[in-house]
> 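Have a look at this one before I ask anything.
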Amino acid sequence: MEKIIMVRVGELFLKGNNRKYFVTLLDKNILAALNGLEFRFHSTQNRMYVEKYEEDDEGEILRRLQCVFGVSSLSPAWKVESDFEKIRMLCDEISPKKGQFRVTVNRADKRIQKKSMEIAADIGGYMLSKSPERKVNLFTYDFDVNVDMREDGFSYVFYEKIVASGGLPVGCGGNGMLLLSGGIDSPVAAYCMAKRGVKIYAVHFHSFPYTSELAKEKVINLAKILVPYCGEIELSVVPFTDIQYAIKENCPIEYMITIMRRFMMKISQKLAESKNCGAILTGESLGQVASQTMESIQVTNSVVTLPVFRPLIGMDKTEIIEIARKIGTFDTSILPYEDCCTVFLPKNPVIKPSIEKAVEYENRIPNGAELIENAIRNVEVLQIR
Ligand code: ATP
Ligand code: MG
């Protein structure tokens, strides 16, 4: 008998003609997630199996697969030929010798004539005969012996279903350019969009020397923490200091953040287009700060033509933090390195900016287009694996 890990996929996206496309993509993502480990992988229409792995790696494989979007649940299982004698013996051998239990049979292999209930009763009876300290109880039980009889002629026996991330396989939802700061919100936004199948590209605006190398390292570390969920991330680090100087010198201080955001959006759109991204993604949440009022969002949004997705727009900070903790980005996000916005932060930023004023002030910067071109030319591109 052989120990394997059974991988179940979300039911929703398996419907219709896209099934093959989704499954192939998910297979690819699973293989990437398990990179570096010893195993064999076997994929069928609605189940995948990780086989022939080192016993010690089981926990690690489960942990990694739990992060892969498109996987709905996982079960470590024993694999045996769909032969009643063999199944009975296996169930007896691997189950605790005492306690209340039940047997649950799923007969996906319709070539088998016996009904699931009869098979379960047969296995249960055998297990009782082998150990008098076992008791059958269908409602209150210490262990549930699940026997999944598949079409491939093998049965899989397992006790637990570990809930995984759900969602859609990363890549099926197109590419998105995420504005990744070092804060709490944008990494959570990455997680939310990857969950809907979006492949994440990231851009970070860096204000060297006002923000330190440590601040950049922090963003790189955040991207690394996201890799198990998002897959490999290409991170573009944009030098932003010259633009910030130009704004500070030419525009009223209360519009500093508004205009900075407009520059960020313009640059992000250009990078997005160059990477074939169909959307820009941000970690904005309505009303969280002055730059995230409806008016501010309208003013910053008006410089781009790509759709901007803000998956956190209706979430409270506490809800965002809950996800940040779950995915493991929180502790890194709260490290106290200044980000480019805090360095040039005005005391009283405008809460309800107008597009007309923003454009007027922005036009006071004599070489805006050139500054954008320069910033893009000097982007540092990092592959985060
Ligand atoms: P976060 O926790 O994501 O930093 P925040 O609450 O600090 O968000 P803001 O600073 O207003 O909010 O930023 C709003 C959004 O703008 C961020 O979620 C992010 O998408 C983007 N952003 C802000 N600063 C940067 C930066 N330096 N580089 C890239 N994107 C940024
Ligand atoms: Mg921030």
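Computed from a predicted structure; not experimentally measured. Each ligand, and each atom within it, is numbered from 1 in the order the structure gives.
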> So, do R364 and P252 sit near enough that their side-chain heavy atoms are less than 4.5 Å apart?
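Side-chain contact under 4.5 Å: yes.
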> Between H206 and ligand 1, which part of the residue brings a heavy atom under 4.0 Å of the ligand: side chain, backbone, both or neither?
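Answer for H206: neither.
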> Number the atoms of ligand 1 from 1 as they appear, then name those within less than 4.0 Å of a heavy atom of V289, with their elements.
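Within the 4.0 Å cut-off of V289, ligand 1 contributes 11 (O).
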> Show which atoms of ligand 1 fall inside a sub-4.0 Å distance from at least one heavy-atom site of V203.
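Listed by number with element, the hits are 29 (C).
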> Would you be so kind as to tabulate the donor-acceptor pairs closer than 3.5 Å made by side chains of residues 265-272, with sequence neighbours excluded?
unit_1: K266; atom_1: NZ; unit_2: E362; atom_2: OE1; d: 3.1
unit_1: S268; atom_1: OG; unit_2: M264; atom_2: O; d: 2.7
unit_1: Q269; atom_1: OE1; unit_2: T305; atom_2: N; d: 3.0
unit_1: Q269; atom_1: OE1; unit_2: L306; atom_2: N; d: 3.1
unit_1: Q269; atom_1: NE2; unit_2: E273; atom_2: OE2; d: 3.1
unit_1: Q269; atom_1: NE2; unit_2: T305; atom_2: OG1; d: 2.7

> Are side-chain heavy atoms of V23 and S43 found at a separation under 4.5 Å?
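In contact.
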> For T329 and T332: C-alpha separation, side-chain torsions, deciding distance, then whether side-chain hydrogen bond (donor to acceptor under 3.5 Å, both in side chains) applies.
CA-CA 6 Å; T329 51; T332 303; over 6 Å; no
> Checking the side chain of K218 only, and the main-chain atoms of G182 only, is there a donor and an acceptor separated by less than 3.5 Å?
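Pair found, side chain donor or acceptor close to backbone of G182.
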> Can a donor-acceptor pair be found between the side chains of S82 and R150 at a distance below 3.5 Å?
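No, because no side-chain N or O of S82 sits under 3.5 Å from a partner of the opposite role on R150.
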> So for ligand 1, is T282 a polar contact partner (N or O within less than 3.5 Å, distance only)?
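Checking ligand 1 against T282, no N or O pair falls under 3.5 Å apart.
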> Report the member of R261, K317, E284 with the shortest heavy-atom distance to atom 9 (P) of ligand 1.
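Of the listed residues, R261 has the closest heavy atom.
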> Are there over 12 heavy-atom neighbours, none belonging to I351, within less than 6.0 Å of that residue's CD1?
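Atom CD1 in I351 is not crowded, with 12 or fewer foreign heavy atoms closer than 6.0 Å.
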> Does any N or O atom in M264 lie less than 3.5 angstrom from one in ligand 1, N or O only?
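Not met; the criterion fails.
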> When only distance counts, is I184 in polar contact with ligand 1, meaning an N/O pair under 3.5 Å?
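Right, the criterion is met.
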> Which of the numbered atoms in ligand 1 are under 4.0 angstrom from any heavy atom belonging to Q288?
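Near Q288, the atoms of ligand 1 are 5 (P), 6 (O).
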> For ligand 1, is any non-hydrogen atom under 4.0 Å from S291's backbone (N, CA, C, O), its side chain (CB onward), both, or neither?
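The side chain, only.
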> Can you confirm, on distance only, whether ligand 1 has an N/O atom lying under 3.5 Å from any N/O atom belonging to P187?
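No, no N or O pair falls under 3.5 Å.
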